Novice: 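Questions regarding the structure given below will be posed in turn.
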Amino acid sequence: MRANKGSDAQSADASRYEAIRYMRDHYTLSMTNLYQGRWYTILTSAISHYDFSHLAFNMISFSTFTRCAIEMGGLRGPSILALGVGSAVASGAASILDWYRKGAYNVFGLGASGVVSGIGAAMACMMPKQRFYVFFIPIGIPLWALMLGYIAYDSYGLNHFQKSGVGHAAHLGGAAYGALFYALRLRRW
């Protein structure tokens, strides 16, 4: 019996295309997905990542900020969950509003960086003097300065880095939610 290599390759290509389409339709945030009723992608896009380096950077950052929130900030499961899910929704909403403002209807977003920004902003409000060591910088940077630097970069990038592939609006939306979460739920009056 002879195998038809051409049809096997076509079948594999079709299967790969279907898998990518499924991921795009159910695990990325886009205007198309929202128009087609897939509102849940505002959450599922926060757990989907472009590649391993994107996932690794976000998970290292998430782990660092979450550990800080638990060990030093005293936050527990329900607060971490509310902060994370709220930051995901806020970062998705900020992205959609930014795309609408720019008339960018054929773009998509994914990743947990909005969640990381939300947790980071809440922690910066809660313990601003806590020092963080960032990769190869040999001195600790106060958390307030680190988050302010990220917010300044994303604010500038929102209108100046159009083709960067970075979700500046998502980062800002997550950070805004994190600061609001701190003010309304975590701040000790």
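Worth saying up front: this structure is predicted, and the values here are computed from it rather than measured. Atoms considered below: every heavy atom in the structure, side chains included; atoms not considered: hydrogens, waters and symmetry mates.
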Novice: Gln130 vs Met72, test: side chain to side chain contact (heavy atoms under 4.5 Å, CB included). Steps then yes/no.
Specialist: CA-CA 9 Å; Gln130 178 64 41; Met72 293 179 229; 3.3 Å; yes

Novice: Looking only at heavy atoms, what is the nearest atom pair of Ile42 and Val89, with distance?
Specialist: CD1-O, 3.8 Å

Novice: Please list all pairs passing the ring-ring contact (aromatic ring centres under 6.0 Å, His included) test where one or both residues lie in residues 67-119, with sequence neighbours left out.
Specialist: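 Counting only pairs at least two positions apart or across chains, no ring-ring contact (aromatic ring centres under 6.0 Å, His included) contact touches residues 67-119.
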
Novice: Listing request: all ring-ring contact (aromatic ring centres under 6.0 Å, His included) pairs with a residue in residues 54-88, at least two apart in sequence or in separate chains.
Specialist: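 Applying ring-ring contact (aromatic ring centres under 6.0 Å, His included) to every pair that reaches into residues 54-88, excluding sequence neighbours, yields His49-His54, Phe57-Phe135, Phe65-Phe132.
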
Novice: Do Met31 and Leu110 share a hydrophobic cluster (ILVMFWY, side-chain heavy atoms under 4.5 Å, transitive)?
Specialist: no

Novice: Testing the basics here: between Ala82 and Phe181, what is the closest heavy-atom pair and its distance to 0.1 Å?
Specialist: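 Shortest heavy-atom separation between Ala82 and Phe181 comes out as CB-CE1, 3.9 Å.
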
Novice: Compare every heavy atom of Ser87 with every heavy atom of Gly178, then report the nearest pair and how far apart it is.
Specialist: N-OG, 4.5 Å

Novice: More than 12 foreign heavy atoms under 6.0 Å from OH of Tyr40: is that the case here?
Specialist: yes

Novice: Taking the side chain as everything from C-beta on, heavy atoms only, tell me whether Leu172 gets closer than 4.5 Å to Ser117.
Specialist: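 A side-chain contact is absent here, since even the closest heavy-atom pair is not under 4.5 Å.
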
Novice: How far apart are the closest heavy atoms of Met147 and Ala121, and which atoms are they?
Specialist: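 In terms of heavy atoms, the two residues are closest at CE-N, 3.6 Å.
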
Novice: Does some side-chain heavy atom of Leu34 sit less than 4.5 Å from a side-chain heavy atom of Trp39?
Specialist: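 SC-SC contact between Trp39 and Leu34 confirmed.
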
Novice: Applying side chain to side chain contact (heavy atoms under 4.5 Å, CB included) to Met126 and Leu75, what does each step give before you reach the verdict?
Specialist: CA-CA 11 Å; Met126 183 180 270; Leu75 271 66; 3.5 Å; yes

Novice: Looking at Pro138 and Tyr133, what are the two nearest heavy atoms and their distance?
Specialist: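 So the two residues come closest at O-CE2, 3.9 Å.
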
Novice: Between atom OG1 of Thr41 and atom CD of Gln36, what is the distance when rounded to the nearest 0.5 Å?
Specialist: 10.0 Å

Novice: Nearest 0.5 Å please: distance from the CZ atom of Arg24 over to the OH atom of Tyr17.
Specialist: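 Taking CZ in Arg24 and OH in Tyr17, the distance rounds to 5.5 Å.
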
Novice: When you compare the side chains of Tyr156 and His168, does any donor N or O come within less than 3.5 Å of an acceptor on the partner?
Specialist: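 Result is no, nothing qualifies.
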
Novice: Check whether any side-chain N or O of Asp98 sits under 3.5 Å from a backbone N or O of Ala104 as a donor-acceptor pair, and report yes or no.
Specialist: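 No: the side chain of Asp98 does not pair with the backbone of Ala104.
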
Novice: Once you round to the nearest 0.5 Å, how far does CG of Leu158 lie from NE2 of His171?
Specialist: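 It comes to 11.0 Å.
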
Novice: Is the backbone N or O of Ala88 less than 3.5 Å from a side-chain atom of Ser91, with the two atoms forming a donor-acceptor pair by type?
Specialist: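 It does hold such a pair.
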
Novice: CD1/Ile80 to OG1/Thr66 distance, rounded to the nearest 0.5 angstrom?
Specialist: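 Result: 5.5 Å between the selected atoms.
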
Novice: Under the side chain to side chain donor-acceptor pair (under 3.5 Å) test, which residues partner Asn106, sequence neighbours left out?
Specialist: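 Side chain to side chain donor-acceptor pair (under 3.5 Å) list for Asn106, sorted by chain: empty.
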
Novice: Is there a path of hydrophobic side-chain contacts, each under 4.5 Å between heavy atoms of I, L, V, M, F, W or Y residues, that connects Val116 with Ile60?
Specialist: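 Different clusters.
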
Novice: Take Thr64 and Cys68 through the test side chain to side chain contact (heavy atoms under 4.5 Å, CB included) and record every step on the way to the result.
Specialist: CA-CA 6 Å; Thr64 302; Cys68 176; 5.9 Å; no

Novice: Going hydrophobic residue to hydrophobic residue with side-chain gaps under 4.5 angstrom, can you get from Val115 over to Tyr150?
Specialist: yes

Novice: Closer than 3.5 angstrom, by distance alone: can the side chain of Thr44 be matched with the main-chain N or O of His26 as a donor-acceptor pair?
Specialist: yes

Novice: For residues Ser95 and Leu29, report the shortest heavy-atom separation together with the two atoms involved.
Specialist: CB-CD2, 4.2 Å

Novice: Cluster question for you: counting only ILVMFWY and a side-chain heavy-atom cut-off of under 4.5 Å, with indirect links fine, are Ile119 and Leu43 together?
Specialist: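 Ile119 and Leu43: separate clusters.
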
Novice: Grouping I, L, V, M, F, W and Y whenever their side-chain heavy atoms are under 4.5 Å apart, do Leu83 and Tyr182 come out in a common cluster?
Specialist: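 Both belong to a single hydrophobic cluster.
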
Novice: Could you tell me whether the side chain of Lys129 reaches within less than 4.5 Å of the side chain of Leu143, counting heavy atoms only?
Specialist: no

Novice: Is any side-chain heavy atom of Asn159 less than 4.5 Å from a side-chain heavy atom of Arg101?
Specialist: yes

